[in-house]
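Inspection log for the structure reproduced underneath, given as structure tokens.
Values below: all heavy atoms of this structure, side chains included; hydrogens, waters and symmetry mates excluded. Because the structure is predicted, anything quoted here is derived from the model rather than measured.
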Amino acid sequence: VFAAFEGASANGEWIALAADYGLGACFEPSVEQPEAERPPLRGWVFGKATLFASSEVSAFLERKLSVLAEHERVAGVAELVPSLDAQSYAASVEQVLRWIADGECYQINLTFPLDFRLYGHPLALYAQLRERQPVRYGAFIATPEETIVSCSPELFFERTGDRVVTRPMKGTAPRGATPEEDDARRSALLASEKERAENVMIVDLLRNDLSRIAQPHSVRVPALFHTEGLPTVWQMTSDVQARTRAGIRLSDVFAALFPCGSVTGAPKVRAMQLIHALEPAPRGVYCGAVGVVRPGGAAGPDGLHPVAATFNVPIRTVVLRGVGSGADASPVVAEATCGIGSGITSGAEAGAEWAEWHHKRAFVERASAQFEVLETLGLHHEIG
């Protein structure tokens with residue numbers, strides 16, 4: 001399948017690609033996955049693509065939305081139902097802490113889905129999320145089987161020629177209500193031993209993964225413990241990069257890196273096995289990869305066409321089923337799901353992790369914020 005995509009790229013085609021988290025079992029046979037409803041790797045090949053400047057995208061979306069019925073142009077979410085309650089989640093956290101104490105792992109990324117209902121058109125949902133939570137690695141893919149609305153801030157990898165860059169996102173703190181409180185929470189995130197340990201574990205894991213396809217001595221960490229401010233949370237990120245060896249194909253990059261260590265834990269394979277034992281349902285595209293493969297250039301000395309590709313880690317990602325494709329096929333009401341998770345390390349507390357889960361789900365709730373009210377008060381009193 002990867003060879004078919006690379007062949008299309010070499011012929012000047014564009015490919016949108018979505019890989020489910022369960023694809024990892026294809027690369028690591030010792031990892032079992034729950035039964036899936038569809039193939040874990042799906043791609044859509046396009047003869048041409050239109051590239052917009054960032055300033056032009058909003059106008060493009062407005063034109064697309066203008067042809068919809070009035071009641072579809074605005075989206076909202078309702079009936080948000082977590083698949084676990086606080087008590088069940090705490091029990092899962094305690095199980096992870098026992099595994100860590102027993103030496104089974106150092107970290108597990110524990111996730112579970114949030115189910116809800118969407119009112120309006122999926123494209124309206126994407127436009128509203130994009131406006132309220134601008135991110136670098138968003139995606140909207142509408143097909144007859146499913147619609148993927150991704151507002152991910154996390155880069156899985158970007159490949160240009162022989163250069164591969166990853167940017168794992170580990171470490172979270174809520175935004176503050178005032179500039180002073182916001183800055184204090186950012187500083188506390190950077191100073192937290194627990195959050196820094198969580199981040200550096202995944203940095204080391206990705207250094208190891210990249211070394212499987214890298215030229216000797218080319219793996220580097222040019223940026224460690226940076227913070228990125230999102231509307232509802234602060235996130236800690238680090239950059240890990242490498243130069244690939246000759247003959248490395250897109251399938252080799254995926255085999256070495258997928259799934260991203262930031263959504264598994266460490267050590268990676270054992271963490272994936274434990275996740276399978278702990279999480280009852282497949283994650284789907286959540287924690288997998290969504291991205292674009294751009295047309296390849298001239299063949300290199302090894303006869304291969306270098307594939308230029310950018311993939312996100314589809315966190316902050318909503319999946320809608322059976323809503324059709326395009327601007328003409330969409331019900332007013334659709335069933336939706338969104339996975340949310342966090343890394344559990346030895347210093348984790350169930351209450352704090354539960355609160356973090358709710359901070360992260362806020363991005364969905366922001367989609368329904370259709371207006372704001374500016375409230376004013378008048379003070380009247382008599383003089384003399």
Side-chain angles (χ1 to χ4, degrees), residues 13-18 43-80 114 116-155 175 228-233 285 290-294 310-312 314-338 361-374:
E13 308 276 12
W14 293 73
I15 301 102
L17 191 149
W44 301 271
V45 180
F46 300 88
K48 68 176 183 178
T50 302
L51 301 180
F52 294 102
S54 58
S55 59
E56 299 173 315
V57 177
S58 295
F60 170 77
L61 291 174
E62 288 177 6
R63 291 197 300 272
K64 287 291 186 181
L65 291 171
S66 67
V67 303
L68 301 177
E70 184 176 356
H71 62 274
E72 289 187 313
R73 297 176 195 169
V74 177
V77 299
E79 302 175 53
L80 285 76
L114 173 71
F116 58 96
R117 294 169 73 85
L118 168 71
Y119 296 83
H121 197 280
L123 190 61
L125 173 67
Y126 175 70
Q128 290 168 204
L129 286 173
R130 187 178 180 277
E131 178 184 357
R132 292 171 175 82
Q133 180 163 297
V135 293
R136 298 179 182 178
Y137 306 106
F140 179 85
I141 301 176
T143 76
E145 297 78 24
E146 65 181 355
T147 296
I148 300 171
V149 180
S150 183
C151 287
S152 174
E154 183 170 5
L155 175 67
R175 298 298 299 263
E228 294 187 12
L230 303 177
T232 58
V233 295
V285 75
V290 172
V292 61
V293 179
R294 297 178 289 281
T310 304
F311 287 90
N312 73 11
I315 58 176
R316 319 291 199 274
T317 296
V318 175
V319 176
L320 305 127
R321 296 295 177 85
V323 296
S325 60
D328 301 322
S330 169
V332 178
V333 181
E335 301 298 323
T337 186
C338 169
R361 70 173 258 179
F363 94 94
V364 175
E365 296 164 325
R366 289 173 63 87
S368 288
Q370 298 305 318
F371 61 89
E372 296 178 355
V373 176
L374 177 63

### Query
To the nearest 0.5 Å, what is the distance between CH2 (Trp44) and OG1 (Thr143)?
5.5 Å
#### Entry: Atom pair SG/CG of Cys338 and Leu80 - distance to nearest 0.5 Å
9.0 Å
### Query
Out of curiosity, Leu123 CG to Arg130 CZ, how far, rounded to the nearest 0.5 Å?
11.0 Å
### Message
Between Glu154 (side chain only) and Ile315 (backbone N and O only), is there a donor and an acceptor less than 3.5 Å apart?
### Response
no
### Atom of Val77, atom of Glu365 and distance for their closest heavy-atom approach
CG2-CA, 4.4 Å
### Summary
Between Ser150 and Thr317, the two heavy atoms sitting closest are OG-OG1, 2.8 Å
### Task
Assess the side chains of Thr232 and Arg361: does a donor N or O sit below 3.5 Å from an acceptor N or O?
no
### Query
Hey, what do you get for CG (Leu68) to CZ (Arg73), rounding to the nearest 0.5 Å?
7.0 Å
### Message
Is any side-chain heavy atom of Val285 closer than 4.5 Å to one of Glu146?
### Response
no
### Query
Between CG of Leu61 and CZ of Phe140, what distance do you get to the nearest 0.5 Å?
9.0 Å
### Summary
When every non-hydrogen atom of Tyr137 is compared with those of Pro153, the smallest separation belongs to CD1-O, 3.7 Å
### Task
Tell me, with the steps shown, if Glu13 and Phe46 meet side-chain contact (heavy atoms from CB on, under 4.5 Å).
CA-CA 6 Å; Glu13 308 276 12; Phe46 300 88; 5.7 Å; no
### Query
Looking only at atom types and distance, does a side-chain atom of Asn312 sit under 3.5 Å from a main-chain N or O of Ser152, one as donor and one as acceptor?
no
### Summary
Nearest heavy-atom approach of Leu129 to Cys151 is CB-SG, 3.4 Å
### Task
May I ask you to decide if Lys64's main-chain N or O and Ser66's side chain share a donor-acceptor pair within less than 3.5 Å?
no
#### Entry: side-chain contact (heavy atoms from CB on, under 4.5 Å) between Arg316 and Val135, intermediate numbers included
CA-CA 10 Å; Arg316 319 291 199 274; Val135 293; over 6 Å; no
### Message
Show the nearest heavy-atom pair for residues Ile148 and Ala18, with the distance to one decimal.
### Response
CD1-CB, 4.0 Å
### Minimum heavy-atom distance Arg175-Val233, with the two atoms named
CG-N, 3.4 Å
### Task
Starting at CG of Leu155, measure out to CZ of Phe311 and round the result to the nearest 0.5 Å.
11.0 Å
### Message
Ignoring hydrogens and geometry beyond distance, is a side-chain donor-acceptor pair present between Arg321 and Thr337 at under 3.5 Å?
### Response
no
### Message
Measuring only between side-chain heavy atoms, which start at C-beta, is Tyr119 closer than 4.5 Å to Val74?
### Response
no
